[in-house]
Amino acid sequence: MEYNFRSIEKKWQDEWKKSGAYRVSNNSSRPKYYVLDMFPYPSGAGLHVGHPLGYIASDIVSRFKRLQGFNVLHPMGYDAFGLPAEQYALEHGVHPAKGTAQNINNFRKQLDNIGFCYDWEREVRTSDASYYKWTQWIFLQLFHSFYNRQLQKAVPIEQLTAAFEKEGNSNHPCPGDPKIVFTATDWKGYSEKEQQDILMHYRLAFCGYGEVNWCEALGTVLANDEVVNGVSERGGYPVVKKKLRQWYLRITEYADRLLSGLKTIEFSEAMQEMQSNWIGKSSGAEISFSLDGHTESLVVYTTRPDTIFGVDFMVVAPEHEIISRITSPEQQAVVDNYIEYVKSRSERERQAEKKISGCFTGAYAINPFNGRKIPVWISEYVLAGYGTGAIMAVPCGDERDFRFAQHFSIPITNIIGDAFDGTDANPTKDARLSNSDFLNDIPMREAIEIVIEKLENMGMGKRKVNYKMRDAAFSRQRYWGEPFPIVWKNGIAYPLSEKELPLLLPDVESYGPGPDGEGPLANLNDWKIVGDGIRETNTMPGYAGSSWYFLRYMDPQNDKEFCSRSASDYWNQVDLYIGGTEHAVGHLLYSRMWTKALYDLGHIGFDEPFRKLLNQGMIQGSSRFVYRKKGTQQFVSAGLAGSMETDKLHVDVNIVDGVELDIEAFKKWRNGEYAHAEFILEDGKYICGSEVEKMSKSKFNTVNPDSLVEKFGADTFRMYEMFLGPVDQSKPWDTKGIEGVHRFIKKLWRLFFDEEKGRLWNEENPTAPELKVLHRTIKKIEEDTERYSFNTAVSSFMICVNELSDLKCHKRAILEPLLILLTPYAPHVSEELWHALGNSNSVLDASFPKFDPATLVESEKEYPVSINGKMRTNITLALDASEEDVKAIVLANEVVQKWVEGKPLKKFIFIKGKMINVVI
RNA sequence: GCCCUGGUGGUGGAACUGGUAGACACGCAGGACUUAAAAUCCUGUUCGCCGCAACGCGAGUACGGGUUCGAUUCCCGUCUGGGGCACCA
């Protein structure tokens, strides 16, 4: 019998579908385990071999946990709203819903090919009204809540209005605008509009104003992605910053909990670091500097108040509103000019810029301690969104301030004595201060506190904890997203009631922008106008639906609640979450925040969504190039291309074998575009150039999993993806090696069947060496799967099958447990052979074999013996030998004596069971 | 620019807690079986040197230092690939 993977895989996929093998129940006496893949966006390009890497890993873990007796939830669905579908609609007039549905069907077919164990009855799509109804519902929960800092949790906004009526906002300082202060009497005297405006500054989901990339020519707001070097990707029109009304989520109120929560979950060190850097908690002081000749003062945030006597200038962000009030008439033109320049600059460009730019406002701040006049400058390296949008610059202690001072010839005050050499800033906290009045000779670290206290006593400043993280922009001027359940009347946002949900996304005639930078929905007057109100025409961003989808999987068909409490109590946190690091600070922070808010409001019983996170690496493409002689149709082989002028063109990797071009296929490629090409060969071959790049259609370096499954089968494909290397590392794809894995499965098959003789297995009792092979493999597979080292697990399977082949072992007692071990990795062939052995139940529900340490006990070991740390020989010794015995045997050894050359022994190192080192 | 991460044979990688560097594969070379091919099997394969060979010697985990009896592993510096940086998802 031959290994016919096509019929085997089809047979079992059909069978598993028929038997509902992957259906998961919310009622089970078994312990639960929840394995989740990051929500895919169903792109039109379809799957390439990079996508399934994480899916295969999670599939292996799911099946492994099932064999270990867990009730495993392993769902899949689609993050179906998003920009690409809308872009496609804009260009082709196809409704995004239609395009998205097609992409999903395609995606699903590709996934099914690989044999995943998803419970498809739990599939969700964020663009279905039955789903986004609950996204809107959660938005309303956030809208109706504020963050009570005393309780450190979200609570209903009614509790806030109750407090306002009793005591004003004295106990609840306003997070949106700290200048808002009022008494109970004030509150009661306010109009409804005034009250609502204040509440808006407290709500967890709130409306405010923020800057967007505005493209006047296209009449629309652009994503960062769509802006290249300050102009629109489409058309190349100028893009500037513009303030627009936007919805936000007040994630900053959760900054501290998002930070401390990291300690309770298993995210990699790197991931935790990225998140805490993003949150960017720092402590320091806000200091008010009065301005010479003005009544208002300039407030800066600094983490280093100890350097106050080293402040040689101030820098405010170009967006800072104070600029218009303090700029001197002489400087006005220069300032206007500079601000205009900055408007065209993206935040990233501003931070990455090495060139120093800025201008003087003409105004001077006053140092509160010595009255010194300090010039106030503007520069793009200070961002409006961080701190107060203004800094005090200390050039002797800060590199950027130093370079700025040098560039504009601003004199530098040295307050750290010898620690400053005049050529580089020194950011130390350990120097003793000088030139610093009452702080002289005090270590900087101690001075921080002294200055803060003094400022507070003087009323010139206060202690302040600051976060780099900003509130999350939560609206888009787009069509293909969730509509906001909000109606505006007289400038007040009125939420829809729960009964009115879902607010359906209406059809539009064109996907182009509405007036005044509004989204396409603004064009629909019939839809927009409700009585005397106007609907919110923004839609929610891509991350709205993906911030809570892991909850919906638990109870996907529920039309009464977003997820029943009993379901979320049973499944609880996601036990293992697998996805790429690109979501480190976006999705992974938003979904953590949503979870915390839902927890605070009593809707779920846990406040971290993902107990453990595993990051998968990116599979890169290995691109191939051909070299066309300039201005000709002659293609030159890579080795000869260097000597002449050529254009380097991407060529489809699928028509290249290794680096050798299939010339006939190339002539037919792209509808015969190169049919008349001529070739200059080396050794009769056309050799392509190669480079590792991101896998993408435009680079012709994508490899489609479908064709590999067709050629080698899903089991081979799954194992090869794992065999490629550690799941968490990036690596280039190379199809060549897949044959090795395919050979392994065929070799396994031959332990069961001979092509001519047929069945090979027998019922004999296994020998000790055979048991040793089996149990070493059980141990290795269990440990490796447990620590997600899938590549080494595949190696162990290979070693096991190689050794059993050498031992000519065809015994059921060995082979049957081996099949169970293999099931998570290669489920189809395992099930087929399992049934061949006469089992009538499914191998999916077998029990994972138990490792027996007794089979591996050794009595001796071949020790590596080093002389001065260099390995020189091996000596086999009893494992229970004493150190004296070992020493005597080793020193008497011929090889050892040769190397020792009679020199005196300095040290004898013996690590039992490991190694021996003779130091002379 | 800032944050994170990687760099080991011709290639993907292994070495899990500082203890035999290169497991397992791919590729390549040689051989067996075959009319031939496919498939399968066997042998060799880090580099350099000496040698018919066994074997022996030296170097070697991006580069330069350091700690240690011993470093791919720990520390410092440099170079370099990848990901992210708030409207791609």
Side-chain angles (χ1 to χ4, degrees), chain A residues 2 38-43 79 81-84 87 212-213 221-227 246 268-271 273-274 276-278 280 347-354 381 385 400 468-473 475-478 541-543 546 580-587 589 615 617-618 620 622 658 692-694 720 723-726 728-741 743-744 746-747 750 755 783-784 787 789 791-792 794-799 802 805 862-874 906-909 911 914-920:
Chain A
E2 233 190 6
M38 280 187 190
F39 219 18
Y41 177 80
S43 108
D79 190 9
F81 277 132
L83 206 49
Q87 194 55 44
V212 294
N213 300 314
V221 175
L222 297 176
N224 287 338
D225 249 30
E226 300 174 299
V227 183
Q246 300 287 343
S268 67
E269 290 282 322
M271 184 62 56
E273 219 166 311
M274 279 188 267
S276 53
N277 287 344
W278 181 266
E347 205 170 287
R348 182 116 29 107
E349 285 169 332
R350 284 171 58 175
Q351 287 173 86
E353 187 59 79
K354 280 185 187 169
Y381 79 89
R400 270 197 303 197
K468 200 152 68 195
M469 183 167 67
R470 310 199 283 259
D471 282 329
S475 52
R476 304 288 182 262
Q477 293 69 49
R478 299 284 177 179
Y543 68 84
S546 62
T581 50
E582 65 271 22
H583 296 286
V585 286
H587 162 65
L589 275 174
N615 289 119
M618 177 171 286
Q620 293 145 326
S622 182
V692 171
E693 305 177 284
K694 209 169 183 165
Y720 183 56
F723 187 57
L724 226 44
D728 57 352
Q729 270 172 35
S730 295
K731 57 240 154 190
W733 177 266
D734 180 10
T735 300
K736 281 243 151 165
I738 196 169
E739 309 221 6
V741 175
R743 273 179 212 141
F744 152 76
K746 286 199 283 195
K747 198 163 180 181
R750 287 199 303 274
E755 259 181 61
E783 285 172 358
D784 285 0
R787 66 189 174 100
S789 179
N791 57 325
T792 54
V794 175
S795 297
S796 313
F797 280 124
M798 290 174 169
I799 292 168
N802 288 347
S805 299
E862 193 184 33
Y863 280 91
V865 179
S866 303
I867 285 88
N868 283 344
K870 273 203 189 309
M871 220 285 282
R872 295 301 181 184
T873 190
N874 284 303
K906 272 199 198 135
K907 209 168 181 181
F908 186 81
I909 291 161
I911 314 277
K914 283 260 159 119
M915 50 73 66
I916 293 158
N917 191 12
V918 180
V919 186
I920 50 172

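Chain letters run A, B, ... following the sequence lines, proteins first, then strands; residues in each count from 1.
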Checklist entry - Counting only heavy atoms not in A:Glu862, do more than 12 sit closer than 6.0 Å to its CD atom? => result yes
Checklist entry - Reckon A:Ile799 touches a base, only the sugar-phosphate, or nothing at all at heavy-atom distances under 4.0 Å? => result sugar-phosphate
Checklist entry - Side-chain donor-acceptor pair under 3.5 Å between A:Lys907 and A:Asn917, yes or no? => result no
Checklist entry - Contact class for A:Met871 (heavy atom, under 4.0 Å): base, sugar-phosphate, or nothing? => result base
Checklist entry - Which part of the nucleic acid, if any, lies within contact of A:Asn224, taking any heavy atom under 4.0 Å across all strands shown: a base, the sugar-phosphate backbone alone, or nothing? => result sugar-phosphate
Item to check | Touch class at under 4.0 angstrom, heavy-atom based, for A:His583 against every strand present | outcome: base
Next on the checklist: Less than 3.5 Å apart, any donor N or O on the side chain of A:Thr581 or A:Asn615 sitting next to an acceptor on the other?
Outcome noted: no
Checklist entry - Base, sugar-phosphate, or nothing for A:Lys906, non-hydrogen atoms under 4.0 angstrom? => result nothing
Checklist entry - Any side-chain heavy atom of A:Lys468 within less than 4.5 Å of one from A:Trp278? => result no
Next on the checklist: Students often get this wrong, so: under 4.0 angstrom with heavy atoms, is A:Val918 touching a base, only sugar-phosphate, or nothing?
Outcome noted: nothing
Next on the checklist: Need one value for A:Gly542: base, sugar-phosphate or nothing, where a base atom within 4.0 Å counts as base even if backbone is also close, heavy atoms only.
Outcome noted: nothing
Next on the checklist: Using a heavy-atom cut-off of 4.0 Å across all strands, would you classify A:Gln246 as base, sugar-phosphate, or nothing?
Outcome noted: base
Checklist entry - When rounded to the nearest Å, what value does the distance between P atoms of B:rU20 and B:rA29 take? => result 34 Å
Checklist entry - When we call it a touch if two heavy atoms are under 4.0 Å apart, what does A:Pro40 touch: a base, just sugar-phosphate, or nothing? => result nothing
Checklist entry - Can you check whether A:Phe908 reaches A:Ile916 side chain to side chain, under 4.5 Å on heavy atoms? => result yes
Checklist entry - Between A:Ile738 and A:Pro541, who's closer to the 5' end of RNA chain B by nearest nucleotide? => result A:Ile738
Item to check | Span of RNA chain B in contact with chain A (heavy atoms, under 4.0 Å) | outcome: B:rG1 to B:rA89
Checklist entry - Syn or anti: how is B:rG9 classified when any glycosidic angle within 90° of 0 counts as syn? => result syn
Next on the checklist: What contact category does A:Val212 fall into here, base, sugar-phosphate, or nothing, at under 4.0 angstrom with non-hydrogen atoms?
Outcome noted: base
Item to check | Beyond-backbone contact of A:Phe39 with A:His587, side-chain heavy atoms, under 4.5 angstrom | outcome: no
Next on the checklist: Using the P atom as the point on both nucleotides, what is the distance between B:rU72 and B:rG22, in whole Å?
Outcome noted: 12 Å
Next on the checklist: Give me the distance, rounded to whole Å, that separates B:rA71 from B:rC47 when you measure between the P atoms they each carry.
Outcome noted: 24 Å
Checklist entry - Are A:Trp733 and A:Leu724 close enough that some pair of their side-chain heavy atoms sits under 4.5 Å apart? => result yes
Checklist entry - Given the P atoms of B:rG9 and B:rC4, what is the spacing between them in whole Å? => result 27 Å
Item to check | A:Arg478 and A:Val221, any side-chain heavy atoms less than 4.5 Å apart | outcome: no
Checklist entry - Taking atom P in both B:rA14 and B:rU8, what distance in whole Å separates the two? => result 11 Å
Item to check | Integer angstrom distance from the P of B:rG70 to that of B:rG60 | outcome: 15 Å
Checklist entry - Would a 4.5 Å heavy-atom cut-off, applied to side chains only, mark A:Asp471 and A:Gln246 as touching? => result no
Checklist entry - Reckon A:Ala584 touches a base, only the sugar-phosphate, or nothing at all at heavy-atom distances under 4.0 Å? => result nothing
Checklist entry - Quick one: on RNA chain B, does A:Met271 or A:Arg750 contact a more 5' nucleotide (nearest heavy atom)? => result A:Met271
Item to check | Distance in Å, A:Phe744 CZ paired with A:Ser795 OG, rounded so as to fall on 0.5 Å steps | outcome: 10.0 Å
Next on the checklist: What's A:Thr581 touching, base or sugar-phosphate or nothing? Going by heavy atoms closer than 4.0 Å.
Outcome noted: sugar-phosphate
Next on the checklist: Considering every strand and a 4.0 Å limit on heavy-atom distances, what is the contact class for A:Ser43: base, sugar-phosphate, or nothing?
Outcome noted: nothing
Checklist entry - Which whole number of Å gives the distance between the C1' atom of B:rA54 and that of B:rC69? => result 32 Å
Next on the checklist: Is any side-chain heavy atom of A:Gln620 closer than 4.5 Å to one of A:Ser730?
Outcome noted: yes
Item to check | Per-nucleotide pairing state of RNA chain B [Watson-Crick or G-U, under 3.5 Å; [ ] pseudoknot-crossing; | other strand] | outcome: (((((((..(((......[....)))((((((.......))))))((((......))))..(((((..]....))))))))))))....
Item to check | B:rA15 and B:rG48, which share atom name C1', separated by this distance in whole Å | outcome: 25 Å
Next on the checklist: Please classify the nucleic acid contact of A:Asn802 as base, sugar-phosphate, or nothing, using heavy-atom distances under 4.0 Å.
Outcome noted: sugar-phosphate
